[in-house]
Amino acid sequence: MQIRSDFDSGNIEVLNAGDPARVRLAIRKDFASDHFQWFHFLAEGLSVGERHGFTLENAAQSSYRNAWPGYQTVASYDGVDWFRVPTHFDEHGLHFELLAEQASARFAYFEPYLRARHAQLLVQALALPNVELLACGSSLQGRELPLLHVRGTASAPRKLWLIAQQHPGEHMAEWFMEGLIERLAQPDAELQQLLSQADLYLVPHMNPDGSFLGNLRTNAAGQDLNRAWQVPSAERSPEVLFVQQQMAGQGVDCFLDIHGDEEIPHVFTAGCEGNPGFTPRLDELEQEFRQRLVAAGEFQVAHGYPRDQPGQANLALACNWVGQTYDCLSFTLEMPFKDHDDSPQPRTGWNGARSKRLAGAVLSVLASMVQKLR
Ligand code: ZN
């Protein structure tokens, strides 16, 4: 058997692939950082009809150890249809297996969103009559960082910002953006309502270097971008600096930062309740957004992060920094690596398609609330 990871978002180290029933592997650390959790590799030379076993032997030392209990690895024969395979975790690692139906298969932490698809998504978006490339930043390694502007019809529109995949291993975030852009291509009454009062500003992928390098958490300098919003720098976080400069030029009336969570098997949001500038108005907006999203899509409010104490928010996070700076509704939206246990789908778990549908629901919620946002 041959194990390869020399491609976009590939990450694996082969310890010993001599026994196909127990292939010994390890996850590589993020480039320039000690974080690790994301993996993605191709196994070739599988024996069709036979069971193959794989172990990620350093899983227990990964960034989020609690990510593994209850987690099922994703696999695909064609890179299009991804399904979960039997997986269990113990102190010796993350073990998973595949009864091979074909001679090669991919395995990953989550259905990957690749750079080639990102390029197609941009073409698709820019073909829409009301979408323009407003500006294009550059990552540390020189990958492009496009900012799309979706023009509505209002003379003084609300400015709604959505950014995705600051954490490069959270591939569900760009699937979400693809769902959003696909819905923009099919304007219905709700969408027209939204665009009659708002413009959208979209950064489909904040951390292209990290994703390409197969990182979980950081960019090419080893920087966690979602801890860089208070003091971004050209040397360590030009991706954040670019978006902040563009925000300063355009203004912000609503902000959604799209992420994936390793541990919690639910879709949820984290808000700005710990910001010094949090007000009853923002509290009401947060509650209304959450309630409407429960009704509109795969979302819930019972599970999530502990709430920040008043005034104790970490303003280095995008959600808090933007909410504080622009006095606006501002959320981190988290989708699971596991499944949304409120409506489990064992074959796929949470996946790209469900991330895309959630984006459609979020647009509906924003359409219903757009008047109140400022
Ligand atoms: Zn994240």
Side-chain angles (χ1 to χ4, degrees), residues 9 11 27 29-31 33-40 62-68 71 108-113 139 145 161-178 180 202-230 232 236-237 239-240 243 255-272 274 299 303-306 308 313-323 330-340 349-352 354-355 358-359 362:
S9 78
N11 180 327
I27 306 172
K29 286 182 177 176
D30 282 14
F31 189 79
S33 159
D34 284 336
H35 278 291
F36 67 92
Q37 193 103 28
W38 172 261
F39 62 93
H40 179 194
S62 67
S63 297
Y64 300 96
R65 190 181 194 280
N66 292 334
W68 304 123
Y71 165 78
Y109 187 30
F110 190 85
E111 180 177 0
Y113 198 99
S139 68
L145 208 69
W161 286 72
L162 293 97
I163 71 169
Q165 216 166 335
Q166 289 200 81
H167 292 143
E170 295 166 9
H171 288 250
M172 54 288 279
E174 193 163 8
W175 284 110
F176 179 101
M177 288 307 232
E178 180 174 304
L180 196 133
L202 311 176
V203 183
H205 196 324
M206 285 289 289
N207 195 340
D209 294 349
S211 292
F212 185 83
L213 294 165
N215 289 4
L216 173 75
R217 190 82 182 163
T218 58
N219 71 356
Q223 175 66 48
D224 179 339
L225 294 181
N226 202 30
R227 297 293 183 275
W229 284 69
Q230 245 176 334
R236 294 199 44 90
S237 49
E239 300 89 351
V240 172
V243 171
F255 176 67
L256 295 178
D257 184 18
I258 313 301
H259 285 253
D261 183 85
E262 291 81 359
E263 297 178 358
I264 299 175
H266 302 274
V267 181
F268 62 97
T269 48
C272 290
F299 185 71
H303 306 272
Y305 300 139
D308 286 331
N314 179 354
L315 293 172
L317 273 68
C319 160
N320 295 338
W321 186 88
V322 175
S330 179
F331 274 126
T332 309
L333 177 66
E334 298 278 358
M335 293 173 275
F337 278 87
K338 296 173 178 172
D339 202 344
H340 181 57
W350 190 259
N351 67 356
R354 295 169 82 184
S355 308
L358 181 66
V362 165

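What you see below is based on every heavy atom in this structure, not just the backbone, and it leaves out hydrogens, waters and symmetry mates. When a ligand or atom number is given, it counts from 1 through the structure's own listing order.
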Open item on the list: Inside 2.8 Å of the Zn ion (ligand 1) but strictly below it, how many protein N/O/S atoms are present?
Closed with: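 For the Zn ion (ligand 1), the figure is 4.
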- [ ] Step through it carefully: locate the ring centre of F337, locate the ring centre of Y71, and say whether they are under 6.0 Å apart.
- [x]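 Ring centroids of F337 and Y71 are no less than 6.0 Å from each other.
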Open item on the list: Quick check: W161 with F255 (ring centres under 6.0 Å apart)?
Closed with: no
Task: Atom pair CE (M177) and CD1 (I258), whose distance is rounded to the nearest 0.5 Å - done: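 So the CE of M177 and the CD1 of I258 are separated by 6.5 Å.
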- [ ] Among F299, F268, F176, find the one that has a side-chain contact (heavy atoms from CB on, under 4.5 Å) with M335.
- [x] F176
TODO: Describe, in one word, how the ring planes of Y109 and W68 are oriented to each other, choosing from parallel (under 30°), tilted (30 to 60°) and perpendicular (over 60°).
DONE: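 Rings of Y109 and W68: tilted, as their planes differ by 30° to 60°.
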TODO: Examine distances only and state if a side-chain atom of E111 and a backbone atom of G352 form a donor-acceptor pair shorter than 3.5 Å.
DONE: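 A pair under 3.5 Å: yes.
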